[in-house]
Number of protein chains: 2
Amino acid sequence: MTQNISALIEADAGCPMVSFVNLIAGKWAIPILYRLILLNKPFRFSDLLRAVEPITQKELTRQLRQFEARGLVTRNVFAEVPPRVEYQITELGKSLRPTLDSLADWMRANAAVLK
Amino acid sequence: MTQNISALIEADAGCPMVSFVNLIAGKWAIPILYRLILLNKPFRFSDLLRAVEPITQKELTRQLRQFEARGLVTRNVFAEVPPRVEYQITELGKSLRPTLDSLADWMRANAAVLK
DNA sequence: CGGGATCCACCTTGATACTG
DNA sequence: CAGTATCAAGGTGGATCCCG
């Protein structure tokens with residue numbers, strides 16, 4: 001039988017996994033997110049900028065704002081001179097860790113075969 | 001302390017998670033891969049083309065070849081008229097399923113919060 | 001200090017046509 | 001049938017300058 005596969009599976013736009021890809025795709029998403037998750041404390045913009053080197057300011061800003069919009073990080077602006085802005089992973093963001101770890105395990109286990 | 005975060009974490013190019021993103025990023029990677037995983041049997045090119053609609057021939061070819069290079073799918077050419085080429089998920093590819101499922105679970109659980 | 005605004009090179013993806 | 005070739009377009013990410 002030459003069936004209609006599409007009807008059987010949720011692998012389209014509304015698919016959770018496609019959404020996940022949209023969440024973590026992009027050159028710097030994981031490097032930023034994983035640092036915030038592992039460190040698990042507030043970080044200043046400029047510290048992150050150095051940590052995720054050699055990312056540009058523009059990209060770091062864009063990614064952080066995107067994570068903020070998704071509820072994965074919080075953005076805290078302090079009314080000081082000089083200005084200070086701190087970013088921190090949220091509980092939602094931290095809850096991603098087991099999943100990300102399991103994923104990293106799979107990659108480590110199969111790195112040799114994949115390459 | 002304004003520490004050097006980079007030194008502490010593997011979140012860079014060689015990071016397993018970054019590699020994973022490279023593996024499944026792209027508009028059609030998951031829709032193709034997940035179908036092959038769930039159906040778990042050989043599929044002709046044209047059947048896949050219809051199943052993953054509205055992907056273009058070019059993109060489907062490119063993704064399948066990429067998966068093949070990574071050892072996630074096999075490509076079987078039959079010397080017939082008309083020509084027939086079948087693609088099938090490998091054991092390595094199938095082993096990805098638990099990880100992908102767990103990931104989909106997280107997305108489903110937090111879909112409301114994320115949107 | 002923490003961005004925003006521009007401009008630009010590249011890469012990805014798509015549309016279309018052609019072929020063994 | 002299962003591709004390849006070619007061209008076009010949009011998006012991603014980088015470089016640079018500017019600002020409160």
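Residue numbers start from 1 in every chain, and the chains themselves are labelled A, B, ... in the order their sequence lines are given, proteins ahead of strands.
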Checklist line | Distance in angstrom units between D47(B) CG and dC1(D) C1', rounded | finding: 11 Å

Check: Which sits closer to the 5' end of DNA chain C, I55(B) or P83(B), going by the nucleotide each is nearest to?
Finding: I55(B)

Next item on the list: Under the side-chain hydrogen bond (donor to acceptor under 3.5 Å, both in side chains) rule, collect the residues that match up with E59(A), sequence neighbours excluded.
Entry: R62(A)

Notebook entry, point to check: What integer distance in Å separates K58(B):NZ from dC1(D):P?
Noted result: 22 Å

Note to self: If you compare every side-chain N and O of R75(B) against the phosphate oxygens of dG3(D) (OP1, OP2), does one of them come in below 4.0 Å?
What the structure shows: yes

Margin query: Whole angstroms only, please: what is the CG-C1' distance between N76(B) and dA2(D)?
Written below: 14 Å

Next item on the list: Measure up the W106(A) and F20(B) rings against each other and bin them: parallel (under 30°), tilted (30 to 60°), perpendicular (over 60°).
Entry: perpendicular

Check: Looking at L100(A) and M17(B), what are the two nearest heavy atoms and their distance?
Finding: O-SD, 3.5 Å

Check: What are the two closest non-hydrogen atoms of V52(B) and P31(B), and how far apart are they?
Finding: CG1-CB, 4.1 Å

Next item on the list: Starting at CG of L49(B), measure out to CD1 of I32(B) and round the result to the nearest 0.5 Å.
Entry: 9.5 Å

Item checked: Atom-to-atom span, CZ of R84(B) to C1' of dC1(D) - whole angstrom -> 11 Å

Next item on the list: May I ask you to verify if any side-chain N or O of S46(B) is less than 4.0 angstrom from the OP1 or OP2 atom of dA2(D)?
Entry: yes

Margin query: Is there a side-chain contact between R50(B) and the phosphate of dA2(D), meaning an N or O under 4.0 Å from OP1 or OP2?
Written below: no

Next item on the list: Provide, to the nearest angstrom, the distance between the CG atom belonging to L49(B) and the C1' atom belonging to dC1(D).
Entry: 11 Å

Checklist line | Protein-nucleotide distance (R62(B), atom CZ; dA5(D), atom P), rounded to Å | finding: 15 Å

Next item on the list: Starting from C1' on dA9(D), measure out to CD on E59(B) and report it in whole angstrom.
Entry: 14 Å

Note to self: From CD of Q63(A) over to P of dG13(D), roughly how many Å is that when rounded to an integer?
What the structure shows: 7 Å

Notebook entry, point to check: Would a distance-only check, ignoring hydrogens and angles, find a side-chain to backbone donor-acceptor pair under 3.5 Å from R70(A) to Q66(A)?
Noted result: no

Next item on the list: Would you classify Y87(B) as touching base, sugar-phosphate or nothing, given that sugar-phosphate means primed atoms plus P, OP1 and OP2, and contacts are heavy atoms under 4.0 Å?
Entry: sugar-phosphate

Margin query: Going 5' to 3' along DNA chain C, between which two nucleotides do contacts with chain A fall, using a heavy-atom cut-off of 4.0 Å?
Written below: dC1(C) to dC7(C)

Next item on the list: Please determine if E91(B) and K94(B) form a salt bridge, counting it only when a charged side-chain N lies under 4.0 Å from a carboxylate O.
Entry: yes

